[in-house]
Every structure is written in structure tokens, then in C-alpha cells.
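Being a predicted model, the structure only gives us computed values, none of them experimental. All ligand and atom numbering here is 1-based and tracks the order in the structure. FYI, side chains are in, hydrogens and waters are out, and symmetry mates aren't considered; it's all heavy atoms of this structure.
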Amino acid sequence: MFQNNLLQNKHILITGGGTGLGKATAQRFLELGAQVHICGRRQDVLTATEHELRQRTNGQPNGKIHSHPCDVRDATAVDEMISKIWSKAPLDILMNNAAGNVLARTEDLSLGAFQSVIGIVLMGTLHTTMACGRRWLAEKRKAVVLNITTTYTTTGSAYVVPSAVAKAGVQALTRSLAVEWGDRGIRMNAIAPGPIRTEGAFSRLLPRPELEDAAKKRIPLGRFGTMEEFANLAAFLVSDGSAYINGEVVTMDGGEWLQGAGEFTSLGRELTQKEWEMMKPKRVKDSSKT
Ligand code: HXC
Ligand code: NAP
């Protein structure tokens, strides 16, 4: 899909890059020649991913991977990580992908649950964005930020309220800074994915495997997205090929949220063939021939 030097010489940090969509994207960026940094809370997971991706992309152009244990909720720890990365070479691209989520009735959630999810998703994104942004602005350096949100940022969603609140904040941050920092060479966009099978998301948000079929029925294309599709979109949005896209939230959900939003969508299942026939216009008799 892309020339394999698309991200050559680009230094990129992917938060939550040790698993799921972050890991798949790290692999794609490496294949495209980038220097990739990943971070997460679990050192063992990061080390395993670093080794696996190094082996998988062995022989590929020039990509290199480095991992950093870091909890993005901790602003000081984030600044230390960014300092360490900068001391080798400044970042060109930041992908805010780390997230936390819980499926629960909101009245059952403790304050700690809200703080945990909002801390990771909203404050974590803010910490990395500020740590990189201040350096980019001071150095007059061009850069790109890609935030990963969800399709329920605008609609909200029952049963994932801390995530909905936090991701809506990330969307507002994306659009605000795209304007405020755009004139100084910093682009900021987001991807809003629909369901893509990852252990992290599906184990927490789909309590029974049978619910997968019901979930697919909500998607016009009849399937979940894939990690490869996600990683390719991310590669395009961070590359110079998308240099004029700024402040955009790209939905990648097979049409799912629009299907849920359309007033008449459910009639497709509810009306019978006979009823559709009855809805067709009746032939009007041509009176000039009588
Ligand atoms: C209610 C819960 C809970 C649950 C945890 N808590 N799980 N409350 N229902 N299922 C509460 C705990 O009791 C605790 O409250 C507080 O939340 C923090 O939990 P801990 O386990 O102590 O903390 P922590 O290790 O920080 O865990 C964070 C987490 C966890 C967010 C709760 O799920 C996590 O580590 N997630 C990371 C990965 C992830 O979520 N990936 C999925 C992303 S999918 P107290 O009161 O004791 O402090 C996504 C979009 C999907 O974002 C969209 C699909 C279409
Ligand atoms: P995932 O595998 O659970 O990824 C989340 C990552 O975030 C993990 O690697 C986790 O690593 C890291 N993380 C969590 N808390 C952190 C913290 N405090 N500091 C640093 N890292 C932290 O889930 P995923 O499905 O790939 O999700 C990736 C992104 O896509 C998320 O932003 C999610 O909201 C979004 N998304 C996913 C879907 C989907 O269907 N998969 C749909 C819509 C949006 P540690 O636990 O080791 O810290």
C-alpha cells in the first residue's frame, strides 16, 4: 500500500504500544522505516513486544524499536521519558493510543474507577502532548500528533461513561490544538475506530463471545475492522502524504455509528417484502389514451 520508506527517519512514540492496536501500528511503522518508541506500564509486556517486533521486521529498511516503562497518568514520569527520548533524538510524531475502559453501570462505579480511566485517556494524552508540544514549539519543529478516540465521543455511550467523557475531551483537545498550534507546524488528527478484535478491548467490553454476532449486525459491512486496516490508516495520517489534513477525526467503523443514528435504518429489518411493494408508487392511468 505504501512505499517502504514512507516513515524513514521519523521518530515516533506510540503510547500503549506493547499490545493490540498500538503494537500492530508499531510493527507497520517499523516496516515503513520509522524509529519507534513504545511505552506502557508493564515492563515484561514491552520487552516481549520489543523482541517480537525486532525479529519480525528483521531485514526491513531501517526501522528500530525502543521501549520505555511509563505510566502516562504521571506527568513527571512522562516528562522524564520524553526528556530521555529527546536526549537521543527529538520525536517527530506522537500517537496517543494508551487507554483504559470498564463496562459497568455508572451508578456502580467508584471515584477510583473514574479517576483511573480519565487519568489514562484524557490526562495521559494531555501529559504526553504538552511534554512534546512545548519542546516542538520551543525548537520550531514541525510535528504530528495522532490521537485514538472512539465513535462514541459525540454521541456518548451508556455503560462506558468514564471512557466516553475522557475520549470526548481528547477529541476537543485534537480540534483545539490543531488550530492553536497549526500555524507553528504541528498537525493534530484523530482516528475513531469501531470494534477491532484485541485482547484488551474484547476481554473487558464483550462479556460473552456470542455478543460478537450481535455486534457485527450493527455494522453495515458485517464484520469488525482489522489491525492492518487501522495501522495503514495511522501510517497515512502521520505521514507527509497527509500534510494538509489537520483537526480531522477519521471514523473507521464500517458505517456502524451512522447505522445506529439513522432514523429509518431499522425498517430494513422490520418491513416485509409485501410492505415494501405496497410503498411503491401506484401506476397512474394515462388519461390521454382513453
Ligand atoms: C467497575 C472497575 C472495573 C470494572 C476496575 N474497576 N475494573 N470498576 N467495573 N470492570 C475499578 C477498581 O475497583 C478501582 O476502583 C479502579 O477501577 C481502578 O482499578 P485498578 O484495577 O486498581 O487500576 P488499574 O490497574 O489502573 O486498571 C485500570 C483499568 C483496567 C482501566 C481499570 O481496565 C486497565 O488496566 N485497562 C487498560 C487496558 C484497556 O482498558 N484496554 C481497553 C481499551 S478499549 P477503586 O475504587 O478501588 O480505586 C477502548 C475502546 C473500546 O478504550 C471501544 C470498542 C468499540
Ligand atoms: P489494549 O491492547 O488494551 O491497549 C491499551 C494499551 O494502553 C495497553 O498496551 C496498556 O498497557 C496501555 N496503557 C493502559 N494504561 C496505561 C497507562 N496508565 N500508562 C501507559 N500505558 C497504559 O487495547 P486496544 O484495543 O489496542 O486499544 C488501543 C486504542 O484503541 C485505545 O485508545 C482504545 O481506546 C482505542 N479503541 C480500540 C477499539 C477496539 O475495538 N479495539 C475501538 C475503539 C477505540 P499496560 O497495561 O501495560 O499499561
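- In this comparison of Cys39, Ser116, Cys70, the heavy atom closest to atom 20 (C) of ligand 2 sits on Cys70.
- Atoms of ligand 1 lying under 4.0 Å from at least one heavy atom of Arg73, given by number and element, are 26 (O).
- In terms of modelled atom types and a separation under 3.5 Å, the side chain of Ser116 and the main chain of Ala113 share no donor-acceptor contact.
- At a heavy-atom distance under 4.0 Å, only side-chain atoms of Leu205, from C-beta outward, approach ligand 1.
- Of the options Ala113, Ser203, Ser163, the smallest heavy-atom separation from atom 17 (O) of ligand 1 is shown by Ala113.
- Using 4.0 Å as the threshold, Thr15 has no heavy atom nearer than that to any atom of ligand 2.
- Here the options are Thr125, Thr149, Thr129, Thr174, the test is side-chain hydrogen bond (donor to acceptor under 3.5 Å, both in side chains), and the partner is Asn96; only Thr129 passes.
- Within the 4.0 Å heavy-atom shell around ligand 2 one does not find Val45.
- Of the options Ala99, Gly200, Ser163, the smallest heavy-atom separation from atom 5 (C) of ligand 2 is shown by Ala99.
- Residue Arg197 places no heavy atom under 4.0 Å from ligand 2.
- Closest heavy-atom approach to atom 43 (C) of ligand 2 among the candidates Ala98, Gly225, Pro193, Gly124: Pro193.
- Considering both main-chain and side-chain atoms, Lys167 never comes within under 3.5 Å of ligand 1 through any nitrogen or oxygen pair.
- At distances below 3.5 Å, not a single donor-acceptor pair connects side-chain atoms of Lys167 with backbone N or O atoms of Thr151.
- Residue contacts with ligand 2: Thr149 is included, with a non-hydrogen atom under 4.0 Å away.
- When distances from atom 47 (O) of ligand 1 to the protein are checked, no heavy atom turns up under 4.0 Å.
- Formation of a donor-acceptor pair under 3.5 Å by the Asn246 side chain with backbone atoms of Met188 is found in this model.
- For ligand 1, the atoms closer than 4.0 angstrom to any heavy atom of Leu109 are 1 (C), 8 (N).
- Taking any N or O of Thr150, backbone or side chain, none lies under 3.5 Å from an N or O belonging to ligand 1.
- Judged by the shortest distance from any of its heavy atoms, Pro195 lies inside the 4.0 Å radius around the atoms of ligand 2.
- A salt bridge links Glu52 to Lys23: one of the charged nitrogens lies within less than 4.0 Å of a carboxylate oxygen.
- Not a single heavy atom of Ala24 sits closer than 4.0 Å to an atom of ligand 2.
- The presence of a protein heavy atom under 4.0 Å from atom 40 (O) of ligand 1 is confirmed.
- Of the possible polar contacts, one joining the Asn97 side chain to the Thr15 backbone as a donor-acceptor pair under 3.5 Å is found.
- Between Gly20, Ala99, Gly16, it is Ala99 that holds the heavy atom closest to atom 37 (C) of ligand 1.
- Distances below 4.0 Å separate heavy atoms of Ser110 from the following atoms of ligand 1: 15 (O), 45 (P), 46 (O).
- Closer than 4.0 Å to atom 19 (O) of ligand 1 lies none of the heavy atoms of the protein.
- In this structure a side-chain-to-backbone donor-acceptor pair under 3.5 Å is present from Asn189 to Glu248.
- Considering only non-hydrogen atoms, atom 31 (C) of ligand 1 lies nearest to Gly100 out of Ala98, Gly200, Ala164, Gly100.
- Salt bridge annotation for Arg135-Asp79: present, with a cationic side-chain nitrogen under 4.0 angstrom from a carboxylate oxygen.
- Across Met81, Met252, Lys167, heavy-atom proximity to atom 34 (O) of ligand 2 is greatest for Lys167.
- Contacts between Arg41 and ligand 1 below 4.0 angstrom, taking non-hydrogen atoms only, involve the side chain exclusively.
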